[in-house]
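Let me begin by presenting the structure, written as structure tokens, before commenting on it.
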Amino acid sequence: MNPTGVIIRQTVHTVKEVIDRLENALKQKGITIYARIDQQAEALKGGINLPPLEFLLFGNPAKGGLIMEFNPATALDLPLKVIAWKNGEDKTWVAYNDPAFIQQRYSLTDQLTAVLILALL
């Protein structure tokens with residue numbers, strides 16, 4: 001699996017630990033958490049048994065607003081999101097959109113891309 005514009009990293013933490021840690025770190029920086037979805041639980045409602053998979057939607061309205069003001073279509077990728085999942089080999093992975101890909105996709109200036117990167121830090 002190697003989707004274009006997506007950064008994927010392996011972690012030693014569980015899916016829940018990864019999302020908990022990220023959520024806490026983002027909140028400490030004043031980043032808004034818009035949604036946290038347990039995709040495993042949601043899939044089970046549809047009769048599909050997935051391994052652990054969680055989704056986090058987050059952002060900074062002021063920074064994201066600047067980017068959307070430049071190009072409203074960026075709202076397709078903003079707010080930012082991250083997923084964590086456990087695969088069949090019992091390994092946990094984290095994935096998120098590469099800021100450089102978002103920059104290229106929407107022809108963002110270097111200044112706006114810096115705003116985007118700061119929102120990820």
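Just so you know, these numbers come straight off a predicted model, no measurement behind them. Only heavy atoms go into these numbers, but all of them, side chains included; no hydrogens, no water, no symmetry mates. Note that the numbering runs from 1 along the sequence shown for the chain.
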Short side-chain to backbone donor-acceptor contact, Thr92 and His13, under 3.5 Å: yes
Would you kindly confirm whether Ile37 and Val6 end up in one hydrophobic cluster when ILVMFWY residues are joined by side chain heavy atoms under 4.5 Å apart? yes
Kindly compute the distance separating CD1 (Ile102) from CG (Leu76), expressed to the nearest 0.5 Å. 11.0 Å
Does the side chain of Ile33 reach to within under 4.5 Å of the side chain of Leu56, using non-hydrogen atoms? yes
Least distance between heavy atoms, Val115 atom then Lys63 atom: CG1-CB, 3.5 Å
Same cluster for Ile67 and Val82 if Ile/Leu/Val/Met/Phe/Trp/Tyr side chains link at under 4.5 Å? yes
Could you tell me which non-hydrogen atom of Tyr34 sits nearest to which non-hydrogen atom of Gly59, and how far apart they are? CE1-N, 3.5 Å
Taking all heavy atoms of Leu57 and all of Phe55, pick out the closest pair and write down the distance. CB-CE2, 3.7 Å
State, yes or no, whether a side-chain contact exists between Ile8 and Pro3 at a heavy-atom distance under 4.5 Å. yes
Taking atom CD1 of Ile19 and atom CD1 of Ile83, what is their separation to the nearest 0.5 Å? 8.5 Å
Gap between atom NZ of Lys16 and atom CD of Glu54 - 0.5 Å precision: 7.0 Å
Between Trp85 and Val94, the two heavy atoms sitting closest are CZ3-C, 4.1 Å
In Asp20, Asn24, Leu26, the residue satisfying side chain to side chain contact (heavy atoms under 4.5 Å, CB included) with Leu22 is Leu26
When rounded to the nearest 0.5 angstrom, what is the spacing between CG in Asn97 and CZ in Arg105? 7.5 Å
Taking all non-hydrogen atoms of both residues, which atom of Pro61 and which atom of Thr32 are closest, and how far apart? CD-OG1, 3.8 Å
Atom CD of residue position Gln10 - does it have more than 12 heavy atoms of other residues, nucleotides or ligands inside 6.0 Å? yes
Look up atom CD in Gln39 and atom CD1 in Ile48, then write down how far apart they are to the nearest 0.5 Å. 11.0 Å
Is it the case that the side chain of Gln40 and the backbone of Leu50 share a donor-acceptor pair, with hydrogens and angles ignored and the cut-off at 3.5 Å? yes
Using the test side-chain contact (heavy atoms from CB on, under 4.5 Å), find all partners of Glu69 that sit at least two apart in sequence or belong to another chain. Leu66
What residues form a side-chain contact (heavy atoms from CB on, under 4.5 Å) with Gln104, not counting sequence neighbours? Phe101
Gln103 versus Asp110: any side-chain heavy-atom pair under 4.5 Å? yes
Value for CZ (Arg9) from CH2 (Trp93), rounded to nearest 0.5 Å, stands at 10.0 Å
Minimal non-hydrogen separation, Tyr106 against Thr74, with atom names: CG-CG2, 3.4 Å
Near Arg36 CZ, under 6.0 Å, is it more than 12 heavy atoms from other residues, nucleotides or ligands? yes
